[in-house]
Amino acid sequence: MQLAACRVAAMLANGRAMTIDKTFAPAEIEAKWYSNWEESGKFRPERPDAEPFTIIIPPPNVTGSLHMGHALDNTLQDVLIRYHRLKGRDALWVVGTDHAGIATQMVVERQLAEKQIKRTDLGREKFVEKVWEWKAESGGAITTQLRRLGASCDWKNERFTMDEGFSAAVTKVFVDLYDKKLIYRDKRLVNWDPKFKTAISDLEVETVEVQGKFWHMSYPLADGSGKISVATTRPETMLADMAVAVHPDDARYKALIGKEVKLPITGRLVPIVADEHADPELGSGAVKVTPGHDFNDFEVGKRAGFKPADMLNMFDDEAHVVQTEDGLIPEDYIGMERFAAREKVVAQLEAESLLEQVEDRVIQTPYGDRSGVVIEPWLTDQWYVDAQKLAIPAIAAVRDGKAKFVPKTWEKTYFNWMENIQPWCVSRQLWWGHQIPAWYDESGKPYVAESEAKARALAGPDARLTRDPDVLDTWFSSALWPFGTLGWPEDSDKLKRHYPGSVLVTGFDIIFFWVARMMMQGIEFMGQAPFETVYCHGLVRDASGAKMSKSKGNTVDPLELIDQYGADALRFTMTAMETQGRDIKLSSQRVEGYRNFATKLWNAARFCEVNGIGASDKIAAPPANLAVNRWIISEVARTRRTLDASMRDYRFDAYADGIYHFVWSRFCDWYLELIKPVLQEGGSADDAAETRAVAGWALDQILVMLHPVMPFITEELWHALGDRGRHDLVTAKWVEADDIDEEASAEIDWLIRLVSEVRSGRSELNVPAGAKLPLFVRDASEATKTRIAVNQPIIERMCRAESISHDEAPAGGAAQIVVDEATYVLPLEGVIDLAAERARLEKNAAAAEKEAKSLEGRLSNPAFVEKAKPEAVEKARTDHGEKTAEAERLRAALARLG
RNA sequence: GGGCGCGUAGCUCAGCGGUAGAGCACUGCCUUCACACGGCAGGGGUCACAGGUUCAAACCCUGUCGCGCCCACCA
């Protein structure tokens, strides 16, 4: 019995079964639609004649899992891609992952360590094999997660920075740059990471303020004539000191220049040299010089005549003490860890009474951003890219507007860095990555070529070649992503069609790491910047504004939010909160709110279905006579304009806001309410048919316009509302309707104002919500009378009026509502609190008078009338007239109240 | 030491020359036949501060205070 009743309730008038469930359950529809889209190739429809729109994904690390930053970044990209796909463009979202040198090597090494295996036990070849195995098994989890977010990437052409084709591109770029002398090998100080035992670039070094000490030490002069004071934050490096520097103009030390110091502990004899680096204002004015272990000292050392090859080195690759070339470090120091060596040096100096003073001091200390250990400046041979040369056209491209940053303010950051760019150290002492295509003969002369055979051709048949064991910085390959993924160096159609990309979406934090380098390489190898626009978004922070970090434990897992609220809700949150240039403070409340929005739409669609409103078979708006229908068609057009403008300007927040308000505050709150009398209270059949057609069309437009942000629910409803076969929303057509009916808009605006005012009056006077009252209209113009007549059923329903009359209202207490020229009277004899109504009218009258007075003041100022824009003056006049009239009518109503 | 950004309703943020907006939170009413993840109505802001430009400033300029971020070799 009960079952049968359910079944009946689940059938519609037209015989179709209800397809929209009572509750909106995101998880089911998400899984269903994503695989549907992907399997049917809907992310990449064939559109050979359409204008291309291309986005290259910032490739996530293969080791990565989706975090909020990805959720933001990829939501924005997907919104753009889906929007332009709907607009008919040939939209391509290139996807792939990054091999992430250090990160991946670390993961696999850690895994091996569990089995007590060291990377060196396996040897390079075996180890790299293990990494590939790892990748096959557990790499790329993030690609599954991107799918859960709804990212409509071109998965059929997924790339990896170490796949065959891409690797070939990397090798070619290296060789070409070498041949153009834009890559060279050099011996100099690098930032050495003693944990990973590799060089890293300047950018991978993070300077942190730490509490340290400043040690003042005495260095005796070699001739026994006295001593000189130096101060340092790193006393252990004195074991490799090669000089003491004083300022050439420092009167205190002029006589000492050229003399020698006999270093404590090592007994090394080193010269006192003049160098402007020594600041007479600081400390004693004399500074110890350790060219092999300090960037400043390296330069001082070079100026003092030391060649890099002769600079003393006292550390091995783990920053343990090793003997210097001259053999002067006492044996008991050898093998000591650097900080232990520091303590020992300090203790020994103290014992020898050579420690003058120890100060506490905050020190800027360099740390490896991945390893977290103190970086050691270390003298090694490395490969460098001449970034300064490559930067010149990359700067010009932005300066000339060929590539532009959004928001524009990031251009300053870009220029500032590019103009002061340093040589880029690109070699890494790792095993996982693109091995550098350089071979050395026995004398150490390098031959750079795309293969060993080609290197041999350069070196001659008799040379014994060994390959450079190092690999390239991961960012070196990432820099080629915009063209390497499109088939370069092959001159493919795809490359021609999709390079440069339309827009790059990324966090501002990798402008230097990645954007700048793509600009340089893209221009060098493709002749033009890799994208027209670089959209930089901020960071996703926790609700209190703190940076999310695993160590703080304040990270929010986007997948959990998806489980809880649905991918659409998360995507809407990211879109709505993306205001240009600001970081995002994420709160789950916000996500919940947008889940509610999805539910609202879901229920609106259910309402439509129940009322026989279904999929529209039209792209253009259906013909309409009723004002409500003409109005909603206009509102769709207005919304469309707003959304188009928002996308054009990359105003994601405005896009989200625009569709949100249209759906909730216009379509649901007013349109659906306004058409209820037509559909449910026996309006004419023609009117009902017209309304169903228009409502179905408007709902379709909502689905299309919302789809870029909420792809899942919109696709589900798209099909639930009618049988569209395999015509999916993902490849539907964006509304281009642009008809705006000013007359209908004015009428419905009036209707909305009338209903709102009456409701407000009733509410303020505590009229019971359900009470039906007669409504008397006075002073209405003919036009208003017509509008009232036409809209009578709606007005009665929404104002809870039992009748509407133009007769004079009965005497006695009443609520009076002023809308435009007319006054609407609700008799409340006996019920009304006269004092309350008087207060209400008084408040409204005072407000109108205040505004009228302010406008009057402005209009009576001759300067305003003369100098202000004519539109502004005109508007002030109109507003003044209206406000004055309104105030008069309210006063009249008050007078009537007695 | 340079550079950038921010300070608008209790909270998170739009607005960037014509006398203040949204979402959430808050208050009152409503189990009205799409939706209580809801409906209707409402309260709440000297737009950090001080000067200046302008007929008109939250919005432009200068300075002050507070808060963030980035870059930089003070040994």
Side-chain angles (χ1 to χ4, degrees), chain A residues 20 22-24 202 207 214 230-234 245 277-279 281-290 294-300 363-364 366 377 407 409-410 412-413 416-417 420 508-509 511-512 538-539 543-545 547 565 569 576-577 579 581-587 589-590 592-611 651 653-654 656-657 660-661 665 668-669 672-673 676 680 755-756 759-764 766-770 797-798 800 850-851 854-855 857-858 861-869 871-873 875-876 879:
Chain A
I20 304 178
K22 190 154 169 56
T23 50
F24 162 53
D202 299 347
T207 308
F214 198 43
V230 294
T232 181
T233 54
R234 301 201 50 197
H277 167 65
D279 185 345
E281 305 293 314
L282 286 170
S284 66
V287 59
K288 68 192 268 306
V289 180
T290 320
D294 182 282
F295 287 101
N296 287 314
D297 293 4
F298 181 78
E299 298 303 321
V300 176
I363 300 167
Q364 310 283 328
T409 173
W410 292 114
K412 288 176 210 150
T413 308
N416 189 21
W417 189 70
N420 298 295
F508 67 83
D509 51 325
I511 290 177
F512 303 149
L539 260 44
S544 65
K547 205 166 164 172
Y565 301 110
M577 295 188 86
T579 63
R582 253 191 212 250
D583 287 349
I584 289 178
K585 287 181 197 165
L586 180 76
S587 77
Q589 252 188 2
R590 197 76 187 252
E592 190 185 342
Y594 292 125
R595 188 274 319 267
N596 294 352
F597 171 65
T599 307
K600 182 76 181 176
L601 174 67
W602 185 266
N603 284 309
R606 282 183 64 227
F607 169 84
C608 287
E609 187 179 43
V610 169
N611 285 282
R651 290 305 308 252
D653 57 336
D657 186 65
Y660 184 96
H661 280 100
S665 311
C668 291
D669 286 352
L672 292 185
E673 294 304 322
K676 276 177 183 175
Q680 300 174 347
V755 170
S756 301
R759 282 171 170 173
S760 174
R762 288 175 58 116
S763 174
E764 281 184 51
N766 295 315
V767 176
R797 181 183 177 114
M798 299 189 82
R800 298 244 139 202
K850 192 183 162 202
E851 275 196 60
S854 153
L855 287 161
R858 224 196 292 178
N861 176 358
F864 172 70
V865 183
E866 279 165 33
K867 296 189 183 173
K869 283 176 291 188
E871 311 93 82
V873 179
K875 185 172 185 307
D879 291 353

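Residue numbers begin at 1 in each chain, while the letters A, B, ... track the order of the sequences.
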Counting the atoms with a prime plus P, OP1 and OP2 as sugar-phosphate, which does A/T599 contact under 4.0 Å by heavy atoms, base, sugar-phosphate, or nothing?
base

Could you tell me the Watson-Crick or G-U partner of B/G1, where both distances fall under 3.5 Å? Say none if there is no partner.
B/C71

Between A/R858 and A/N861, do the side chains contain an N or O donor and an N or O acceptor separated by less than 3.5 Å?
no

Take atom C1' in B/G44 and the same atom in B/A22, then report the distance between them in whole Å.
15 Å

As its Watson-Crick or G-U partner within any shown strand, both distances under 3.5 Å, B/G43 has none

Could you check A/Y660 against A/K22 and say which one's nearest nucleotide on RNA chain B is further toward the 5' end?
A/Y660

Between CH2 on residue A/W410 and CG on residue A/N416, distance to nearest 0.5 Å
12.0 Å

Take atom C1' in B/A48 and the same atom in B/G7, then report the distance between them in whole Å.
6 Å

In whole angstrom, give me the gap between the C1' atoms of B/U8 and B/G21.
10 Å

Gap between atom CZ of A/F607 and atom CD of A/E609 - 0.5 Å precision
12.5 Å

Is there a Watson-Crick or G-U wobble partner for B/A22 with both distances under 3.5 Å, and which nucleotide is it?
B/U12

Under 4.0 angstrom, heavy atoms only, what part of the nucleic acid is A/N296 near: base, sugar-phosphate, or nothing?
base

Which part of the nucleic acid, if any, lies within contact of A/R797, taking any heavy atom under 4.0 Å across all strands shown: a base, the sugar-phosphate backbone alone, or nothing?
nothing

If you measure from the C1' atom in B/A25 to the same atom in B/G68, how many Å do you get, rounded?
26 Å

Under 4.0 Å, heavy atoms only, any strand: does A/D509 hit a base, just the sugar-phosphate, or nothing?
nothing

With P as the reference atom in both, quote the distance from B/C49 to B/C65 in angstrom, rounded to an integer.
16 Å

Does any nucleotide pair with B/G38 by Watson-Crick or G-U wobble geometry, both distances under 3.5 Å, and what is it?
B/C30

Under 4.0 Å between any heavy atoms, over every strand shown, what does A/F214 touch: base, sugar-phosphate, or nothing? Just pick one.
base

For A/K676, is there an ion pair with A/E673 - N to carboxylate O distance below 4.0 angstrom?
yes

Using Watson-Crick geometry (N1-N3 plus N6-O4 or O6-N4) or G-U wobble (N1-O2, O6-N3), each under 3.5 Å, B/G7 is paired with B/C65

Would you indicate what A/A876 reaches in the nucleic acid, counting non-hydrogen atoms under 4.0 angstrom: base, sugar-phosphate, or nothing?
nothing

Got a salt bridge between A/D653 and A/R651, using NZ or NE/NH1/NH2 to carboxylate O under 4.0 Å?
yes

When the C1' atoms of B/C60 and B/G15 are compared, how many Å lie between them, rounded to an integer?
16 Å

Using a 4.0 Å heavy-atom cut-off across all strands, classify A/K867 as base, sugar-phosphate, or nothing.
base

Under 3.5 Å on both distances, the Watson-Crick or G-U partner of B/G17
none

Using a 4.0 Å heavy-atom cut-off, does A/C608 contact any base of the nucleic acid, only the sugar-phosphate backbone, or nothing at all?
nothing

In whole Å, I'd like the distance from the CD atom of A/E592 to the C1' atom of B/C11.
16 Å

Taking donor-acceptor contacts at under 3.5 Å, does the side chain of A/R590 reach the base of B/C24?
no

Which whole-number value in Å describes the distance from A/E673 CD to B/G39 P?
10 Å

Using atom C1' in both nucleotides, what's the gap between B/G45 and B/G10 to the nearest angstrom?
11 Å

NA contact type, A/R759, heavy-atom cut-off 4.0 Å: base, sugar-phosphate, or nothing?
sugar-phosphate

Validation row: A/F512, A/T413 side chains within 4.5 angstrom (heavy atoms):
yes

Can a donor-acceptor pair under 3.5 Å be found between the side-chain atoms of A/K412 and the base atoms of B/C4?
no

Considering only the C1' atoms, how many Å lie between B/U46 and B/A20, rounded to the nearest integer?
13 Å

Aromatic plane relationship, A/Y594 with A/Y660 - under 30° parallel, 30 to 60° tilted, over 60° perpendicular
perpendicular

